[in-house]
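One structure is given here, and the rest of the page talks about it.
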Amino acid sequence: VEYGAKGALEFWLNIGPDAWSSLDDSYSTAFETGAARWRLGWRALPTVSIGPELRFDSNVDGRSGRAGLFARYEWMGGEISVAAGAAGRWADDFADDLEPYATLNVLFQF
């Protein structure tokens with residue numbers, strides 16, 4: 001068990017009526033864990049966005065990253081998003097460790 005402090009920042013930028021960008025950063029002193037995720041979304045419909053995403057994670061054991069595509073559906077009370085792409089450990093030869101990834105995220109606002 002490890003205890004520590006954690007901080008998180010979330011940034012959102014509307015790029016006109018049809019596009020947006022977000023950046024989520026976090027860091028925890030427990031296990032020296034950090035993460036950053038960037039997305040660039042295009043509103044295919046008023047409630048549906050699609051686009052690329054990048055993520056970077058680090059902790060005392062090393063660093064990893066991933067790159068892929070996402071789809072996001074939003075409503076007044078939250079959102080659901082799915083993403084898929086390639087992920088790997090950050091090392092001298094990053095491409096040797098590439099594997100597919102997929103995520104499902106659900107967010108409820110209160």
Side-chain angles (χ1 to χ4, degrees):
V1 176
E2 187 79 18
Y3 297 95
K6 181 174 183 173
L9 295 171
E10 297 180 356
F11 300 96
W12 184 275
L13 176 65
N14 284 318
I15 307 169
D18 296 329
W20 54 268
S21 182
S22 69
L23 177 64
D24 302 330
D25 294 312
S26 66
Y27 180 78
S28 172
T29 59
F31 301 109
E32 299 177 29
T33 303
R37 182 184 71 182
W38 170 79
R39 285 181 165 179
L40 178 62
W42 172 70
R43 289 186 178 93
L45 299 170
T47 57
V48 176
S49 298
I50 58 173
E53 74 169 8
L54 298 173
R55 183 173 171 116
F56 176 77
D57 295 288
S58 68
N59 60 35
V60 295
D61 293 329
R63 298 176 303 213
S64 63
R66 67 185 191 198
L69 300 173
F70 75 92
R72 175 180 173 263
Y73 173 75
E74 62 183 282
W75 66 90
M76 287 297 286
E79 68 183 56
I80 186 168
S81 66
V82 295
R89 293 186 52 81
W90 210 277
D92 293 335
D93 195 356
F94 186 75
D96 281 348
D97 293 336
L98 286 180
E99 296 182 354
Y101 79 89
T103 63
L104 171 68
N105 295 294
V106 180
L107 177 129
F108 294 103
Q109 298 174 357
F110 56 92

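Sequence positions, counted from 1, serve as the residue numbers for this chain. Keep in mind that the numbers below use all heavy atoms, side chains included, and drop hydrogens, waters and symmetry copies.
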So Gln109 and Met76, side-chain contact (heavy atoms from CB on, under 4.5 Å) or not? Walk me through it. CA-CA 8 Å; Gln109 298 174 357; Met76 287 297 286; over 6 Å; no
Work out which heavy atom in Trp38 is nearest to a heavy atom in Ser21; give both atom names and the distance. NE1-OG, 3.0 Å
When clusters are formed by joining ILVMFWY residues with side-chain heavy atoms under 4.5 Å apart, either directly or through shared neighbours, do Leu13 and Leu23 land in the same one? yes
hydrophobic_cluster_shared for Leu40 and Phe11, side chain cutoff 4.5 Å: yes
Among the clusters formed by ILVMFWY side chains lying less than 4.5 Å apart, do Tyr27 and Val60 turn up in the same one? no
For Arg43 and Gly16, which heavy atoms make the closest approach, and how far apart are they? NH1-O, 4.3 Å
How long is the straight-line distance from OG1 of Thr103 back to CD of Glu53, given to the nearest 0.5 Å? 5.5 Å
Smallest heavy-atom separation, Arg37 atom then Asn105 atom, equals NH1-ND2, 4.2 Å
Shortest non-hydrogen contact from Pro52 to Leu69? CA-CD2, 4.0 Å
Mind checking what makes side-chain hydrogen bond (donor to acceptor under 3.5 Å, both in side chains) contact with Glu79, not counting sequence neighbours? Arg72
When you compare the side chain of Glu10 with that of Ser22, does any pair of heavy atoms fall below 4.5 Å? no
Identify the heavy atoms of Ala67 and Leu54 that sit nearest to each other, and give their distance. CB-CD2, 3.6 Å
Tell me, with the steps shown, if Ser81 and Arg39 meet side-chain contact (heavy atoms from CB on, under 4.5 Å). CA-CA 12 Å; Ser81 66; Arg39 285 181 165 179; 3.5 Å; yes
Please tell me whether Trp12 and Leu107 are part of a single hydrophobic cluster in this structure, the criterion being side-chain heavy atoms less than 4.5 Å apart. no
With sequence neighbours left out, the residues meeting side-chain hydrogen bond (donor to acceptor under 3.5 Å, both in side chains) with Ser49 are Trp20
By the rule that ILVMFWY residues connect when side-chain heavy atoms come within less than 4.5 angstrom, directly or transitively, which residues belong alongside Trp75? Leu45, Val48, Tyr73, Ile80, Val82, Leu104, Val106, Phe108
